[in-house]
Amino acid sequence: MSHKRSRPLILIDASGWLFRAYHALPPLTTPRGEHTGAVLGMANMLRRLLKDYAPEEIAVVFDAPGKTFRDEIYSEYKANRDATPEDLSIQFPMIAELVQAMGLPLLAIAGVEADDVIGTLASQADAAGKDVLIVTSDKDLAQLVNTRISLLDTMKNRRMDPAGVVEKFGVPPERIIDYLTLVGDTSDNIPGVPLVGPKTAAKWLVEHGSLDAIVNNAEQIKGKAGENLRASLGQIPMSRQLATIRCDVELPLRFDQLHPAPPDVDKLAGLYRRFEFRRLLEELESSAPPATAAPAPVAVIEAPIAAPGEVPVEVPAGAPAEAAPAAEPPPQESKKTRDELVVDEAAFAAMLEKLEAAEVICLDTETDALSAMQSGLVGLAFAVEQGHGWYVPVAHNYLGAPEQLPMQDVLRRLKPILEDPRKPKLGQHIKYDLNVLARHGIEVQGVAYDTMLESYVLDAAGNRHDMDTLADKYLGHSTIHFSDVAGKGKSQITFNQVSLDVASAYSAEDADITLRLHHVLYPRLCEVPALKKVFETIEMPLVPVLAGIERNGVKVDGPLLGRISTELAGRMDELQAQVWQQAEGEFNLGSPKQLQAILYDKLKLPVLGKTPKGEPSTAEDVLEELAAQHPLPRLILDWRAMQKLRSTYTDNLPREINPQTGRIHTSYHQAVAATGRLSSQDPNLQNIPVRTAEGRRIRQAFIAEPGNAVLSIDYSQIELRLMAHFSGDARLQDAFAKGLDIHQATAAEVFGIPLEEVGEQRRAAKAINFGLIYGMSAFGLARQLAIGRGEAQDYIDRFFARYPGVKQFMDSTREQAKTRGYVETLYGRRLYLPNILSRNAAQRQYAERTAINAPLQGTAADLIKLAMIDVAAWIAAHAPRLRMIMQVHDELVFEGPQAELRARAPELADRMCRVSQLAVPLVADWGVGANWDEAHTSQGHASSAQKPA
DNA sequence: TGCGGGTGCAA
DNA sequence: TATTGCACCCGCA
């Protein structure tokens, strides 16, 4: 049974909303001088909510004036609050009128706050299995969030679900009360623990689990904040009580009595006229149905409505014994790193001793350029305990730079430690440091932790994984930015020009922050054994393998690319002349905007497609269709194809050749793709052309050193095989078991013909097979195959009829995504899909497609990563003259002496196939050639391995 | 100089 | 109204 989303209950924290809207909205007055900005804001917000969510029940909840139970608990409660501005408070009665005229229930309950009313109604609805949307900008209400209850900030248009709470506060909803208790609230005058702000509170809660655990471990908590905690222990129970929203308030009605009534059109029109809301009035008059006998709205007013902050603040005699000393806002906690600049022998020796004794060594290198393959080492930073870092400068050479320890000595003495596999190393994006150090003669061993990858495995798509982002998110710490020390733009200096003091503060902090991040992230990883395993057995072992591939690089024939470029340029000139002739005027062929004007304005060709922004598209598929009616689109297509090859490949690849190595060294990014794939950058070697003959000429420029050859091995149909494995579909598995051409087999099934009679149907079957992996719709398939929607739907229906397991797999995967909020790969790598329950259909459907695709794409990524780790170890042990030089998602490319490469190819392909035992065989095809194109084209040798039956 | 939009290359 | 990426060029602030 799928969990059906019903029309929600909406609860509006009206007092809080107005207070904030008052400051956010422009001050609006009628000519008579009535202030109406907040009224209009409320009207628009309510209309929007009704339209967007069609709530089954709704209530606009105000604070009632007078004391609440919180004032009983704490005499200073809300004592700091400013009085409500008068031009806001006079709008409250107007708003009450408006809400009632709109037919919406309005609540103001004496003795409690709006939050408690909301909490009570929300928990009633939750118990009844109903979805609840709370409109608020107040963080306190985050404690109510769960899978059914979410917060909506209408001003920022953001929904906050449990994951959102974690993202914003660093703790889940059930820890929000603990969080608020620790942090306190200056506006409510709730005492927190001095020096403990949002970040420390979240950090402690993550480390200890709960406020109770923190209290129990108070003796162990270090620093000034720890002292303050111990001093505040007495007031914690009271703060906790103040921060807790009550969910058991006695109310005169239940949530299911809060149905909106039809608006009282006459009254509403009268109000709109009085407030001079012309647009709303027009809309009302143009759309209003004849007034029906409107049932009176359920408006329960237990007390007059109070403006926020109107609560009396007189202090009763006999205030609580230990009134909090924290009237002032919690000061920003200090997280400064104690940095130690190492420029003399004694300090260096002392540091080495500490490094030797450390359990984990956090390291960071500073260089004079961004590229790990070009840069020179400028300094090294280390940290072994939180709060302290060393910086060892070795090549700062600005005018007047102090003397530093000689680089060669420093490296020679660090080498035994860094190359000791028993000493675990930690870094942020440590692959960079491995490459820099390798180029300086140190092969770092024992690479155990990388905070970037810890964050990536925890939640690949939740945030970026650079240090600044992580420090902000997990430590609440704003790091010293590189641009702060080196400037930016034209005037940016390189790190060797940065003064030692500044460099030391920056670098030591980087190492320290990395260590602190590790202490937050790694425990989280350990909480989910599958993720810990992905981290330990896939991502970390892959780091040195990738570093090796990057350093190996690939040889590219620059002169060949240059010749191709010249040839293309000549042909493009001719095409351009013809285009200008056809268009009867010169224009820039590379400008979609100018081309659009020519095609659609000047030549009046039909608009067959739009860009995402709604402009007439000049994209390939559109031009392809237009080519039937006019010669110009074809010329443009040809020109574009050549322009693409030239600008992206023939002209730019030669510039990427490293002058020292004569090869191209890409960077593989391990923490970018949501699914677990790698990406390649500077240059991207994972999108080198292969489909067209013209494009393959680029691949021919990927060559080997003299005497060497290129070996390409790729997995055959890996994602479809994984679909067969996951789905358990007998027919699909059988097709792979028999070694059939899978597209041909699908064609036979879908079209109900014998295998040997499959002809043109194979193309359609291939499109279906691939579409399947991407969660394609009938609409998409129809467009792909240029057939009718009905026909496409028919294909899909027949596909699912023949492969029922696949249908079942897709349904259950979507279901899992909905109930758990994530999907996972064969190895337990997770992808969270926060939008899977979105009310926005486009977002939800997108998440559903991702839910189908991610386990397949992600498992394929896991498999080839494992294969790379295995193959790299095997090469190191058995064939050190071979080099792994590229990875392209389902393909590995090697270089080595021709004969040896050919001899070793079957073993390498076998190892790739044996990396995992699935329900269908894994097959890898390989080929050897003088260049990448030849290696690819000559593929025909296959290896195969399967789980024994 | 940086950014968004449009386009197109790969798996 | 098909998944994941990277990078080019244009046009504009």
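Reminder, nothing fancy here: chain letters follow the sequence lines and each chain counts from 1. Everything numeric in this text was worked out from a predicted model, so none of it was measured.
Heavy atoms of A:Q594 sit under 4.0 angstrom from primed sugar atoms or phosphate atoms, though from no base atom. Among the heavy atoms of the strands lying under 4.0 Å from A:G590 are primed sugar atoms or P, OP1, OP2 only; no base atom is included. Using a 4.0 Å heavy-atom cutoff across all strands shown, A:A841 reaches no nucleic acid atom at all. Counting non-hydrogen atoms under 4.0 angstrom, A:E719 reaches nothing in the nucleic acid. Backbone-only engagement by A:A674 is indicated by non-hydrogen atom pairs under 4.0 Å involving sugar-phosphate atoms exclusively. A:D714 comes within 4.0 angstrom of nothing in the nucleic acid, heavy atoms only.
Residue A:E791 places its CD atom among more than 12 non-hydrogen atoms of other residues, nucleotides or ligands, all under 6.0 Å distant.
Partners of A:F702 under the ring pair (Phe, Tyr, Trp, His ring centres under 6.0 Å) rule, at least two apart in sequence or in another chain, are A:W932. With sequence neighbours excluded, no residue forms a ring pair (Phe, Tyr, Trp, His ring centres under 6.0 Å) with A:H665. Evaluation of the ring pair (Phe, Tyr, Trp, His ring centres under 6.0 Å) rule for A:Y600 yields no partner, not counting sequence neighbours. A:E624 meets the side chain to side chain donor-acceptor pair (under 3.5 Å) test with A:R634; sequence neighbours excluded. For A:Y832, the ring pair (Phe, Tyr, Trp, His ring centres under 6.0 Å) partners at least two apart in sequence or on another chain are A:Y822.
With the nearest nucleotide of DNA chain C identified for both A:F779 and A:Y846, A:F779 has the one nearer the 5' end.
B:dG4 and C:dA2: their C1' atoms are spaced 24 Å apart (whole Å).
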List the atom pairs, donor and acceptor, that lie under 3.5 Å between side-chain atoms in residues 670-677 of chain A and the rest of the protein, sequence neighbours left out.
unit_1: A:Q670; atom_1: NE2; unit_2: A:E539; atom_2: O; d: 2.9
unit_1: A:Q670; atom_1: NE2; unit_2: A:E539; atom_2: OE1; d: 2.8
unit_1: A:T675; atom_1: OG1; unit_2: A:Q857; atom_2: OE1; d: 2.8

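For the salt bridge (charged side-chain N to carboxylate O under 4.0 Å, His left out) with A:E694, the lone residue among A:R646, A:R699, A:R571, A:K644 that qualifies is A:R571.
If you walk DNA chain C from 5' to 3' and mark each nucleotide with an atom closer than 4.0 Å to a heavy atom of chain A, the marks span C:dT1 to C:dC12.
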Item checked: Letter per nucleotide, 5' to 3', of nucleotides 6-11 of chain B [B base touched, S only sugar-phosphate touched, - untouched; heavy atoms, 4.0 Å] -> SSBBSB
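Residue pairs meeting the side chain to side chain donor-acceptor pair (under 3.5 Å) criterion with at least one partner in residues 601-613 of chain A, sequence neighbours excluded, do not occur; the list is empty.
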